[in-house]
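Please read the structure below before turning to the comments.
Just the heavy atoms: all of them, side chains too, but no hydrogens, waters or symmetry mates, feed the values below.
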Amino acid sequence: MADDSELERLKDRRTTALYRLDLIGKGAQLTYDDGTAVDMKSEQARLEQMVAELDRRIARAETTTH
């Protein structure tokens, strides 16, 4: 059961990252709490790396639970 909840948590994080990447692709501009603009190219690269890592972790989790 714990493995299933971990797998769902990873999938949820991946979905959120993909949603944020979609927003960036549509021209979203983010700012920090202090009003400083977020470097969107860096944020996009970070999210792309996160999705790739989550894909690997999800694949491993699915292999061990099935």
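A donor-acceptor pair under 3.5 Å links the side-chain atoms of Thr63 to the main chain of Ala59, judged by distance alone.
For Gln49, there are no side chain to side chain contact (heavy atoms under 4.5 Å, CB included) partners at least two apart in sequence or on another chain. Partners of Glu8 according to the salt bridge (Lys or Arg N to Asp or Glu O under 4.0 Å) rule, which considers only residues two or more places apart in sequence or in another chain, do not exist here. Looking at residues two or more places apart in sequence or on another chain, you find a salt bridge (Lys or Arg N to Asp or Glu O under 4.0 Å) between Asp22 and Lys26.
Salt-bridge annotation for Glu6 and Arg57: present, with a side-chain N of the basic residue lying under 4.0 Å from a carboxylate O of the acidic one.
Between Lys11 and Glu62 there is a side-chain heavy-atom pair separated by less than 4.5 Å. Using a 4.5 Å heavy-atom cutoff, the side chains of Thr36 and Thr31 are not in contact.
Residues Ala17 and Met50 approach most closely at CB-SD, 4.0 Å, considering heavy atoms. Between Ile24 and Met40 the shortest heavy-atom distance is CG1-CE, 3.4 Å.
A distance of 10.0 Å separates OG1 in Thr16 from CG in Leu54, rounded to the nearest 0.5 Å. Taken to the nearest 0.5 Å, the CD atom of Glu53 stands 9.5 Å off from the CG atom of Leu10. Rounding to the nearest 0.5 Å places CD of Gln44 at 10.5 Å from CG of Asp39. Here the CG atom belonging to Leu23 is positioned 11.0 Å from the CD atom belonging to Glu43, to the nearest 0.5 angstrom. Distance CZ/Arg14 to CD1/Ile58: 6.0 Å, rounded to 0.5 Å. Leu21 CG to Leu47 CG: the interatomic distance, rounded to the nearest 0.5 Å, is 4.5 Å.
Enclosure of atom CG in Asp34 by more than 12 non-hydrogen atoms of other residues, nucleotides or ligands within 6.0 angstrom is indicated.
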